[in-house]
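Heads up, the thing below is written out as structure tokens.
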Amino acid sequence: MSSLEYNILFAISLCFLILILFWLLVVVSVRLRVNRSGVRKMIKRRLARELVSSIHGKPKKYLNQPRINRWIALHLYYYLDQLMLVRDYVVMDGAVASTFCDETVVKRLQQDLAHKNWYRRGRALTYCYELDIALDQDRLETWSNSKKLIVRREAQICIVKQLGWAGLASLQHVHYPISLWQQIRIIEKLKAYHPQFEEDKLEKLLNAENPYLKELSYRIIKEFDILSQRERLLEGAFSEFPFLAESSIQLLRAMGVDAAEIKQIRATVNLDVTPESLQKLV
């Protein structure tokens with residue numbers, strides 16, 4: 001056999017081998033997708049059965065099936081995502097939703113909280129406060145100033161969900177920015193779980209050095225319609241931080257404060273405000 005014939009035969013064999021490997025990968029991929037789809041259907045069925053059992057007061061005979069528990073251990077966050085959807089659809093609170101989480105789920109969440117991967121820790125924090133799983137306050141305060149955005153964001157929301165206005169006051173030492181989305185989430189948790197306004201706790205947030213915490217406190221004043229604190233919004237309108245001044249002006253207008261009321265509030269507040277700068281509020 002000449003070298004040319006040998007090279008041609010080798011090339012054909014190599015192409016044939018690559019083709020076989022390609023189709024093997026396709027078959028394995030399809031098989032995995034089919035299996036994953038079957039697992040997800042099983043998880044949805046389990047949730048549906050548990051929900052019906054919970055509503056009608058029947059014993060949850062599906063909770064201890066080892067096979068399903070093993071699948072949920074492998075697909076934990078898909079299971080929890082589905083649980084959140086079911087919870088929102090039937091308007092369950094976190095305490096009721098947490099009954100759908102056995103020791104395996106809680107243990108896995110605790111493991112992810114202790115994991116070095118910051119994304120896994122932040123995601124676990126989300127499900128813990130949504131399912132009313134209590135967490136250690138010292139750890140939460142440490143995470144609330146984490147360098148990783150998702151960790152500190154979820155820890156701060158968790159603190160407010162667990163402790164309410166006292167937790168809100170504990171955020172006064174946070175020195176990182178707080179996004180508008182997060183501020184809205186914090187206010188949602190306060191209104192849903194701690195609707196009774198506590199002025200002394202809000203005062204600590206109003207006196208914080210972080211301008212984003214001041215913006216959060218101003219939004220709380222507006223959302224809870226705290227008329228006695230409107231002068232603080234006027235103070236914020238002349239802040240050195242443009243975003244804080246703009247937010248304060250918008251919130252004052254949203255509260256229906258007109259020019260006459262602004263002048264009346266200004267008369268009771270010691271502010272170094274020129275008539276020209278006051279025009280932007282009117």
Side-chain angles (χ1 to χ4, degrees), residues 118 122 125-126 140-141 143-161 164-165 167-192 194 197-282:
W118 53 268
L125 277 168
T126 302
L140 286 175
E141 290 185 358
W143 291 333
S144 67
N145 259 320
S146 171
K147 294 181 180 180
K148 301 301 182 181
L149 172 60
I150 187 174
V151 175
R152 67 171 182 266
R153 180 188 71 199
E154 300 307 315
Q156 291 163 12
I157 297 174
C158 187
I159 288 173
V160 175
K161 170 74 181 295
W165 294 91
L168 185 72
S170 71
L171 298 181
Q172 60 183 313
H173 303 298
V174 171
H175 53 267
Y176 285 99
I178 299 178
S179 68
L180 175 59
W181 179 88
Q182 183 183 343
Q183 293 179 32
I184 293 172
R185 290 283 287 164
I186 288 175
I187 293 172
E188 286 177 348
K189 297 304 179 187
L190 281 175
K191 295 182 75 173
H194 310 279
F197 168 61
E198 297 183 26
E199 186 172 1
D200 57 329
K201 304 296 190 304
L202 181 63
E203 191 67 29
K204 293 182 179 180
L205 206 65
L206 285 165
N207 295 328
E209 295 182 1
N210 187 339
Y212 292 93
L213 289 176
K214 289 182 180 292
E215 184 183 28
L216 171 59
S217 63
Y218 295 160
R219 293 190 185 281
I220 291 173
I221 291 172
K222 185 265 178 183
E223 289 298 326
F224 282 82
D225 198 23
I226 308 170
L227 299 180
S228 62
Q229 294 287 348
R230 288 183 302 176
E231 65 271 11
R232 304 305 293 266
L233 289 177
L234 186 60
E235 292 177 11
F238 301 98
S239 169
E240 60 180 313
F241 301 98
F243 78 90
L244 185 56
E246 183 65 25
S247 294
S248 301
I249 293 170
Q250 292 178 0
L251 292 170
L252 278 169
R253 289 171 177 168
M255 292 182 72
V257 180
D258 57 22
E261 287 181 288
I262 288 175
K263 291 180 179 179
Q264 183 180 0
I265 296 172
R266 177 173 171 256
T268 63
V269 181
N270 185 20
L271 289 175
D272 185 16
V273 179
T274 64
E276 292 78 13
S277 62
L278 190 63
Q279 291 301 315
K280 67 178 181 179
L281 292 171
V282 181

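None of these values were measured; they are calculated from a predicted model.
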Check against side-chain contact (heavy atoms from CB on, under 4.5 Å), Asn145 and Arg152: CA-CA 6 Å; Asn145 259 320; Arg152 67 171 182 266; 5.9 Å; no

Trace of the side-chain contact (heavy atoms from CB on, under 4.5 Å) decision for Lys147 with Trp118: CA-CA 10 Å; Lys147 294 181 180 180; Trp118 53 268; over 6 Å; no

Go through the steps for Arg153 and Leu125 under the test side-chain contact (heavy atoms from CB on, under 4.5 Å), then give the verdict. CA-CA 10 Å; Arg153 180 188 71 199; Leu125 277 168; over 6 Å; no

Could you walk me through whether Ile221 and Leu251 pass the side-chain contact (heavy atoms from CB on, under 4.5 Å) check? CA-CA 9 Å; Ile221 291 172; Leu251 292 170; over 6 Å; no

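Counting heavy atoms from C-beta on, the side chains of Val174 and Tyr212 never come closer than 4.5 Å. The side-chain heavy atoms of Phe224 and Leu190, taken from C-beta on, include a pair separated by under 4.5 Å. Counting heavy atoms from C-beta outward, Gln229 and Leu206 have side chains that approach closer than 4.5 Å. Proximity of Leu180 to Arg219: side-chain heavy atoms (C-beta onward) are separated by under 4.5 Å at one or more points. Between Asn207 and Lys204 the shortest side-chain heavy-atom distance does not fall below 4.5 Å. For the pair Gln183/Ile220, no side-chain contact is recorded, criterion being any heavy-atom separation below 4.5 Å from C-beta on.
Note: Ser247 OG to Leu216 CG = 11.0 Å, rounded to the nearest 0.5 Å. Expressed to the nearest 0.5 Å, how far CD1 of Ile178 lies from CG of Leu213 amounts to 4.5 Å. Distance check, rounded to the nearest 0.5 Å: NZ of Lys189 to CG of Leu168 gives 14.5 Å. Atom CZ of Arg230 sits about 14.5 Å away from atom OG of Ser248, to the nearest 0.5 Å. Summarising the geometry, atom CD belonging to Glu223 is positioned 9.0 Å from atom CD belonging to Glu188; distances are rounded to the nearest 0.5 Å.
Not a single donor-acceptor pair under 3.5 Å links the side chain of Ser239 to the backbone N or O of Glu235. Although no hydrogens or angles enter the test, the distance criterion places no donor-acceptor pair under 3.5 Å between the side chain of Gln182 and the main chain of Ile157. Between the side chain of Asn210 and the main chain of Tyr176, a donor-acceptor pair closer than 3.5 Å is present.
Ring pair Phe197/Trp165 is perpendicular by interplanar angle, where above 60° counts as perpendicular and below 30° as parallel.
Salt bridge annotation for Glu203-Arg232: present, with a cationic side-chain nitrogen under 4.0 angstrom from a carboxylate oxygen.
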